Amino acid sequence: MLIASFNCNSVRARMPVLKRWLADTSPDFLCLQETKVVDGDFPVDEFLESGYNSVFMGEKSYNGVAIISKTKPDSVFHGFDGKGSDEGTRLIAVKSGKINIVNTYIPQGTAPDSEKFQYKLHWFERIKELFDSRYKKSDILIWVGDFNVAPEPIDVHNPKRLLGSVGYHPEEHRALASVKEWGFTDIFRKHTPDGGNYSFWDYRVKDGVARGLGWRVDHIWGTSKASDKSVRSWIDVEPRLWEKPSDHTPILAEFNF
DNA sequence: ATGGTCGTTGGACGA
């Protein structure tokens, strides 16, 4: 079973990349963030043509999450309340058989001295509460998405300079670590101990991929029952080098379920 | 690297 996460930065603008990548890679589940489209305009039919079912919730211009999959999930949960009225365009979860997948687009946070940064920190508390209330630590639970945090020094290209900036801030590290303590393993890191593996490169940095000026802010985490069944995890840099790329690139994990 | 660029829009704003 192959599960992927990709901040596509507009699902409509990224359709050529998405179709090509799905045909090449054939994941069972692809979790998308920043779809930037209202539900009525989500490209359901185009994904169907590629062989994928879609569940999603979006809004005009900003945010938006989706999970596309080869088989239709048994159930879908939107936002913190399940119905989508509270952060439904940043959190979508599915259950498919025994497998639970939570896909999040965590707030970016803007600047450490901003209210939005506090909101981001609070978001980690809230999702920990969701894990507590909705899931068991013995579940097969896979949490993926754009967490907008690079957890370790090896996850940014210049940790000394970047420490304290949004995405690599001690308060974010504490907040994320607290969620991890609930019972998650960083599945990518389990299989790939080396630094320099990034999932995001700013559009404004010229030749950022070639120059290694990236961040690992997209993640696939899992409970022990998920992590123990993971056989490999990797970041596919190629789509970031294609024409009209997202500023992120897909991260994947393969499981022996 | 913080200036650089994207995407959605229809002028900025978010990232």
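Here the structure is a predicted model, which is why all the values come from computation and not from measurement. Computation of the quantities below employed the complete heavy-atom set of this structure, encompassing side-chain atoms and omitting hydrogens, waters and symmetry-equivalent molecules. So you know, we letter chains A, B, ... as the sequences are listed, proteins then strands, and number each from 1.
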What residues form a side-chain contact (heavy atoms from CB on, under 4.5 Å) with A:K137, not counting sequence neighbours? A:W182
How is A:D247 classified with respect to the nucleic acid when contacts are heavy atoms under 4.0 Å: base, sugar-phosphate, or nothing? nothing
A:W215 CH2 to B:dA15 C1', in whole Å, measures 12 Å
Under 4.5 Å side-chain linkage, directly or through intermediates, the cluster mates of A:V205: A:L213
Quickly, which of A:V17, A:I235, A:V209 forms a side-chain contact (heavy atoms from CB on, under 4.5 Å) with A:R240? Name it, please. A:V209
What integer distance in Å separates A:L213:CG from B:dT5:P? 15 Å
Whole angstrom is fine here: how far is it from CG in A:D202 over to P in B:dA15? 13 Å
Euclidean distance, atom CD of residue A:E243 to atom C1' of B:dC6 [Å, nearest integer]: 15 Å
Measure CG/A:L32 against P/B:dG7 and give the value in whole Å, please. 16 Å
Are A:H157 and A:L162 packed together at the side-chain level, in the sense that at least one heavy-atom pair is separated by less than 4.5 angstrom? yes
Find the distance A:R204:CZ to B:dG7:C1' and express it as a whole number of Å. 13 Å
May I ask you to list the residues of residues 109-122 of chain A, by number, that have any heavy atom positioned under 4.0 Å from an atom of DNA chain B? A:T110, A:K116
Does some side-chain heavy atom of A:F6 sit less than 4.5 Å from a side-chain heavy atom of A:S199? no
Atom CD of A:E34 and atom P of B:dA15: how far apart are they, to the nearest Å? 7 Å
Answer yes or no: does a side-chain N or O of A:R14 lie under 4.0 Å from OP1 or OP2 of B:dC6? no
In whole angstroms, the gap separating P of B:dA15 from OH of A:Y203 amounts to 14 Å
Do the side chains of A:K244 and A:R14 get nearer than 4.5 Å, heavy atoms only? yes
Report which part of the nucleic acid A:Y105 touches: base, sugar-phosphate, or nothing (heavy-atom distance under 4.0 Å, all strands). sugar-phosphate
